[in-house]
Amino acid sequence: MDSIARHILDLSRRGLLRGGLGMAALAALQPAGARHALAQPPRFERDPFTLGVASGDPWPEGVVLWTRLAPEPLAGGGMPRQAVPVRWQLSEEPEMRRVVREGEALAYPEFGHAVHVELEGLRPGRFYWYRFQAGEALSPIGRTRTAPAPGAAPAGLRFVNAGCQHYEHGHFTAWRHIAGEGELDFVFHYGDFIYEYGPRGGQPRRHNSPEVYTLDDYRNRYALYRMDPELMAAQAAHPFLHSFDDHEVDNDWAGPFSEEDGSRPDRPAVPPELFALRKQAAFQAWYEHMPLRRAQLPRGPEIQAWRGFRFGGLLEVSVLDTRSGRTDQPCGGATAAPCEGWADPAARMMDPAQEAWLMERLRPGRARWQVLAHQVPILKRDFGAPGAPRYSMDKWDGYPAARERLLRHVEESGLRDLIAVSGDVHAAWAGTLHREGGGAALGTEFTATSISSGGDGSETMANTPKVMAQNPHLGFFNNRRGYTLHEVAADRFLATYRAVAEVSHPGAAREDRGAFVVEPGRPGLKAV
Ligand code: FE
Ligand code: CA
């Protein structure tokens with residue numbers, strides 16, 4: 001762990017910094033009359049910054065700063081029912097002795113007293129440090145980073161792909177190691193930031209409520225997760241690109257359909273118009289708890305979470321939403337043999353507008369590497385026997401026509417530097433993307449394992465040799481918890497699978513389980 005990350009982790013553990021030089025400096029910097037006349041800051045009996053700070057969606061000239069005031073984080077937040085002014089400050093050095101930008105935002109009760117500061121006019125490709133003040137309370141200091149200038153040719157970029165952090169299944173040790181990864185350009189969080197379930201018992205940790213349905217339920221669940229000091233340290237150390245997968249709303253949801261879409265004999269179907277109310281609550285809570293731009297503000301049960309990023313000429317990142325515009329899983333969500341409707345040509349993983357936007361981006365010449373940052377693996381994984389395939393049907397494997405549309409486009413466009421990064425399956429996989437029936441290698445996919453979901457795991461599983469043998473395009477599997485570090489240069493795209501041997505107890509060391517290089521124009525894995 002480098003000194004900055006240790007500093008940030010230390011700050012987040014200490015929580016509130018009261019009094020001292022920092023307070024004096026802040027008071028002196030407040031312009032007279034800047035306070036909103038109708039909104040006076042309360043005097044806090046307890047630390048309102050229990051959920052830490054975060055930043056996200058870096059552009060060359062700006063980034064989003066985030067916090068949420070919650071002195072009673074597990075009980076609705078505990079804030080007075082009024083808008084509360086929150087000061088923010090930005091500095092170019094970690095001790096924040098010289099403030100280069102500052103301002104005031106209002107934390108609204110309509111918004112769970114979350115604060116999103118969308119900064120503009122910053123310098124590209126550099127680190128900034130930030131903090132918030134509400135009343136006399138000061139937040140921990142966070143570090144963020146703007147993207148390189150659009151015309152820049154950065155020598156290297158480093159980013160992490162991580163997600164699936166079931167609180168009950170284990171400790172967030174991997175987040176502490178991510179906090180200590182040194183200088184990252186961003187962390188892509190593919191989703192499953194929370195799990196919606198009630199407590200199940202007999203696990204290392206325990207959820208705070210039954211399954212979440214209402215806005216207050218979701219807020220309290222996000223608070224439980226965000227109070228974890230290791231997650232808090234990672235969020236304060238790096239800018240994040242957040243997407244959601246299923247558990248931010250409901251297991252295996254697809255478009256207007258909940259998990260209870262009528263396909264389960266043990267549960268009544270939930271009408272889509274009722275599920276829309278749950279999505280509205282879930283998306284509002286997701287937005288409230290993530291460093292997102294105004295463009296991602298949900299409108300009722302709808303949200304535009306897909307969006308693009310550029311890191312000079314080296315990397316373009318397309319963050320996908322493969323839940324909102326999906327057609328329902330034709331064969332359910334489990335691992336199963338293809339059913340009637342499996343190959344339906346009308347099957348979609350994305351709504352048509354998103355698919356058209358993505359196709360436009362997946363072309364050669366826009367950037368050295370095109371990264372598809374998304375949720376469930378595109379890679380085909382046949383778990384069956386020869387001649388009797390079985391697929392995990394909530395993944396692209398359950399939507400072969402949609403996958404074929406995507407990969408046919410890649411083949412026809414001539415793009416050969418496509419890297420997909422995904423997760424969701426609670427194990428590490430890597431392999432080469434091909435059209436249905438084989439043919440040329442069209443891209444490479446690195447699927448990150450989970451932060452904690454699934455518990456300690458194992459190095460392999462009983463069926464691993466069989467699965468690898470009948471899926472020759474797959475080159476790597478590991479079932480430990482962890483994340484993937486990507487180090488990108490013009491002449492290579494490197495993936496290192498970081499792991500921890502256990503999450504049932506805190507403090508496991510960081511260990512590597514595999515490292516692979518992709519060379520420009522040559523999709524596929526080369527072991528390092
Ligand atoms: Fe998950
Ligand atoms: Ca998931």
Side-chain angles (χ1 to χ4, degrees), residues 160-175 178 187-198 200 203-205 207 211-212 218 221-222 224-225 228 231 241-255 257-261 278-279 282-283 285-286 290 303 305-306 319-326 328-329 332-335 349-350 372-379 381 391-399 420-429 445-457 478-484 499-500 503:
V160 156
N161 176 29
C164 283
Q165 49 194 57
H166 197 309
Y167 182 85
E168 295 200 315
H169 288 185
H171 295 273
F172 291 171
T173 312
W175 280 125
I178 293 170
V187 177
F188 172 57
H189 194 301
Y190 62 74
D192 289 1
F193 191 97
I194 58 163
Y195 282 72
E196 78 279 20
Y197 302 121
R200 288 192 176 171
Q203 311 205 66
R205 303 199 287 187
H207 273 154
E211 181 152 345
V212 295
Y218 281 105
R221 184 56 57 88
Y222 277 101
L224 176 74
Y225 279 59
D228 180 281
L231 172 60
L241 310 183
H242 282 284
S243 68
F244 54 76
D245 192 25
D246 52 339
H247 292 288
E248 281 84 352
V249 183
D250 182 34
N251 180 49
D252 282 358
W253 71 279
F257 303 105
S258 80
E259 182 182 19
E260 286 75 26
D261 59 356
R278 187 179 187 183
K279 283 168 71 177
F283 288 153
W286 183 70
M290 298 296 140
I303 189 169
W306 49 271
V319 173
L320 303 189
D321 170 358
T322 56
R323 289 284 165 193
S324 298
R326 268 198 203 207
D328 204 8
Q329 292 92 346
T335 298
M349 288 293 274
M350 296 172 272
L372 243 172
H374 68 124
Q375 294 79 39
V376 301
I378 301 171
L379 280 171
R381 298 175 309 141
Y391 301 113
S392 178
M393 293 298 186
D394 182 55
K395 324 308 172 200
W396 287 78
D397 270 337
Y399 298 75
V421 300
S422 59
D424 173 67
V425 291
H426 305 174
W429 298 82
E445 184 162 46
F446 295 106
T447 298
T449 187
S450 60
I451 291 286
S452 60
S453 303
D456 289 343
N478 183 269
N479 187 36
R480 289 297 183 199
R481 307 289 73 82
Y483 57 97
T484 317
V500 289
V503 293

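Counting starts at 1 for both ligands and their atoms, following the listed order.
Between D456 and R481 there is no salt bridge, since none of the side-chain N atoms of the basic residue sits less than 4.0 Å from a carboxylate O of the acidic one. The existence of a salt bridge linking E211 and R278 is confirmed by a sub-4.0 Å separation between a basic side-chain nitrogen and an acidic carboxylate oxygen. Under the 4.0 Å criterion applied to side-chain N and carboxylate O atoms, D246 and R326 are not assigned as salt-bridge partners.
Counting only heavy atoms from C-beta outward, the side chains of E196 and N251 approach each other to under 4.5 Å.
Checked options F446, Y483, F188; the residue passing with N161 is F188 (criterion: side-chain contact (heavy atoms from CB on, under 4.5 Å)).
Evaluation of the side-chain contact (heavy atoms from CB on, under 4.5 Å) rule for D328 yields A254, F257, D261 as partners, not counting sequence neighbours. Residues meeting the side-chain contact (heavy atoms from CB on, under 4.5 Å) test with A499, sequence neighbours left out: R480, R513.
At a cut-off of 2.8 Å, measuring from the Fe ion (ligand 1), the protein N, O or S atoms that fall short of it are C164 SG, D192 OD2, Y195 OH, H426 NE2, waters left aside. Around the Ca ion (ligand 2), the protein atoms of type N, O or S found under 3.0 Å away are D192 OD2, D245 OD2, D246 OD1, D424 OD1, listed by chain and number.
Here the closest heavy-atom approach between residue L320 and residue S243 is recorded as O-CB, 4.0 Å. In terms of heavy-atom proximity, Q165 sits nearest to Y225 at O-CE2, 2.8 Å.
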